[in-house]
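See structure below.
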2 protein chains.
Amino acid sequence: MDPNPIGFQHHDHSHCVADAVAAADRSCREAGLQLTPVRKRALEILLEEHRALGAYDVLARLAEDGFGSQPPVAYRALDFLTKHGFVHKIEKLNAFIACAHPGELHTPAFLICTTCQAVAEAETDPSHSLLANIAETTGFRISRAVLEAEGTCPNCLASEKR
Amino acid sequence: MDPNPIGFQHHDHSHCVADAVAAADRSCREAGLQLTPVRKRALEILLEEHRALGAYDVLARLAEDGFGSQPPVAYRALDFLTKHGFVHKIEKLNAFIACAHPGELHTPAFLICTTCQAVAEAETDPSHSLLANIAETTGFRISRAVLEAEGTCPNCLASEKR
DNA sequence: CCCGAGACGTAATAACATAACATGCACCAG
DNA sequence: CTGGTGCATGTTATGTTATTACGTCTCGGG
Ligand SMILES: [Zn+2]
Ligand SMILES: [Zn+2]
Ligand SMILES: [Zn+2]
Ligand SMILES: [Zn+2]
């Protein structure tokens with residue numbers, strides 16, 4: 001079990017938080033959005049952890065840093081970040097995770113390891129999407145899709161075999 | 001992918017509840033599972049409604065019928081039904097719905113209309129599954145997948161245009 | 001008869017999420 | 001400058017979803 005997986009590999013974590021926050025900052029400025037202190041801090045928290053956190057986990061850290069301590073503080077920040085694509089909600093876990101591919105418009109797919117709790121965000125090809133095909137044949141117009149899979153990550157599979 | 005979502009068409013509802021319950025009964029007997037009165041009634045409730053119900057909605061109806069009135073009563077019945085494929089949980093809605101294609105082993109995909117609340121269950125072709133491909137390239141072993149899309153159903157699209 | 005597994009019931013609590021309302025501040029029209 | 005509007009933030013209170021813990025009953029095998 002491995003505390004720092006992006007995807008399921010280790011990586012040097014030192015710069016990615018700052019980089020991602022800077023990118024979000026830029027992106028918000030361009031779009032006329034306000035990446036306020038709470039929102040920015042919430043994003044940082046998720047990036048630092050690099051895993052799925054519950055809203056109350058985020059809230060506790062925000063409160064430590066002097067922000068409000070009531071649920072709406074966290075939920076509002078997370079709503080903003082989710083709405084604008086900087087963060088995704090993992091429905092299966094009722095938890096939030098920083099987007100691993102921000103900027104691009106995408107429908108993420110998540111792989112959730114039930115052994116080590118790691119969550120990887122995979123890119124999907126929208127044109128080949130299963131759901132897109134279904135939608136086409138049924139006449140349904142999709143606005144948002146959720147793709148999540150629970151299972152065992154490569155690392156934990158390897159450990160099992162030993 | 002086999003597109004047969006019974007979700008967005010009207011259909012004669014009179015026999016499908018009894019049929020589905022009978023099928024579940026048979027299936028449980030074969031598998032050595034106990035489809036006890038609470039469990040059977042919970043399944044009936046979901047079939048009768050033919051839509052996604054929250055656990056507490058199911059619980060209220062079970063209580064009306066003389067079963068226990070505390071949350072675990074509903075959650076245990078729903079866990080059983082979900083575990084054995086008679087019912088699916090819609091993660092986006094925190095709600096449960098009777099399986100529209102019971103018996104077959106399948107990974108369902110759900111189309112959720114945000115206008116009329118209808119939920120359709122579509123079959124997916126496991127071999128073309130997006131997630132299966134991702135899993136293959138990353139070495140992740142999938143045990144359960146969640147595929148859900150929010151949007152507008154054909155009926156509501158038609159109404160919009162008028 | 002005794003035992004263990006599993007189904008069911010209750011009480012209590014945890015975990016997740018939103019409603020409703022008040023304050024402060026930037027911005028702009030008058 | 002001033003009043004008003006929009007929006008972000010904060011708080012209190014409450015609503016919704018889910019689980020833990022524990023006692024009872026029943027059914028079968030030894
Ligand atoms: Zn993403
Ligand atoms: Zn793992
Ligand atoms: Zn199904
Ligand atoms: Zn509809």
Side-chain angles (χ1 to χ4, degrees), chain A residues 24-25 28-29 31-43 45-46 51-84 86-97 112 114 117 146 148 150, chain B residues 24-25 28-29 31-43 45-46 52-84 86-97 114 117 146 148 150:
Chain A
D25 225 334
C28 283
R29 218 176 314 268
L33 302 171
Q34 306 184 44
L35 189 62
T36 59
V38 220
R39 293 168 176 176
K40 181 182 281 194
R41 185 68 192 116
L43 178 58
I45 289 164
L46 289 174
R51 59 191 180 92
L53 291 184
Y56 279 70
D57 296 329
V58 174
L59 177 59
R61 283 172 175 74
L62 288 174
E64 281 174 13
D65 294 354
F67 296 102
S69 61
Q70 299 307 313
V73 170
Y75 281 103
R76 285 196 286 235
L78 292 168
D79 284 349
F80 171 90
L81 294 168
T82 301
K83 187 172 174 189
H84 297 103
F86 304 115
V87 161
H88 301 293
K89 180 171 187 185
I90 314 289
E91 297 291 341
K92 245 316 312 171
L93 303 178
N94 293 321
F96 300 83
I97 192 165
I112 306 164
T114 51
Q117 275 52 258
V146 174
E148 299 172 4
E150 277 187 349
Chain B
D25 225 335
C28 284
R29 218 176 315 269
L33 301 170
Q34 305 184 44
L35 189 62
T36 60
V38 220
R39 292 168 177 177
K40 182 182 283 194
R41 185 68 193 117
L43 178 57
I45 288 165
L46 290 174
L53 290 184
Y56 280 72
D57 296 329
V58 174
L59 176 60
R61 284 173 175 72
L62 288 174
E64 281 173 15
D65 294 353
F67 295 102
S69 61
Q70 300 305 312
V73 170
Y75 281 104
R76 285 196 287 236
L78 291 167
D79 284 350
F80 171 89
L81 294 169
T82 300
K83 187 172 173 188
H84 297 103
F86 304 116
V87 161
H88 301 293
K89 180 170 188 186
I90 314 289
E91 297 291 342
K92 253 259 21 154
L93 303 178
N94 293 320
F96 300 83
I97 192 165
T114 51
Q117 273 55 258
V146 174
E148 299 172 5
E150 276 187 348

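Computed from a prediction, not measured in an experiment: that's the story for all the values here. To find a chain, count down the sequence lines: A is the first, B the second, and so on, and within it residues start at 1.
- Legend: residues meeting side chain to side chain contact (heavy atoms under 4.5 Å, CB included) with B:T36, ordered by chain and number and at least two apart, are B:Q34, B:V38, B:R39.
- Taken residue by residue, residues 68-81 of chain B places heavy atoms nearer than 4.0 Å to DNA chain C at B:G68, B:S69, B:Q70, B:P72, B:V73, B:R76.
- Counting only residues at least two apart or in different chains, salt bridge (Lys or Arg N to Asp or Glu O under 4.0 Å) contacts with residues 70-83 of chain B are absent.
- When DNA chain C is scanned 5' to 3' for any atom under 4.0 Å from a heavy atom of chain A, the first and last hits are C:dC16 to C:dA19.
- Comparing A:N94 and B:P37 by the nucleotide of DNA chain C whose heavy atom lies nearest to each, the residue mapping closer to the 5' end is B:P37.
- A:Y75 pairs by the ring pair (Phe, Tyr, Trp, His ring centres under 6.0 Å) definition with nothing, not counting sequence neighbours.
- Atom CG of B:L53 is separated from atom CG of B:L78 by 9.0 Å, given to the nearest 0.5 angstrom.
- Contacts between chain B and DNA chain D, taken as any atom within less than 4.0 angstrom of a protein heavy atom, begin and end at D:dT17 to D:dT20.
- Taking the side chain to side chain contact (heavy atoms under 4.5 Å, CB included) definition, one finds that B:T82 meets it with B:V87, B:F96, sequence neighbours left out.
- Looking at residues two or more places apart in sequence or on another chain, you find no ring pair (Phe, Tyr, Trp, His ring centres under 6.0 Å) involving A:F67.
- With sequence neighbours excluded, the residues forming a salt bridge (charged side-chain N to carboxylate O under 4.0 Å, His left out) with B:K92 are A:E91, listed by chain and number.
- For the side chain to side chain contact (heavy atoms under 4.5 Å, CB included) test, residues two or more places apart in sequence or in another chain that qualify with B:T114 are B:E150.
- Residue pairs satisfying the side chain to side chain donor-acceptor pair (under 3.5 Å) criterion with at least one member in residues 55-64 of chain A, sequence neighbours excluded, are listed as follows: A:E49-A:R61.
- With sequence neighbours excluded, the residues forming a side chain to side chain contact (heavy atoms under 4.5 Å, CB included) with B:Q70 are B:P72, listed by chain and number.
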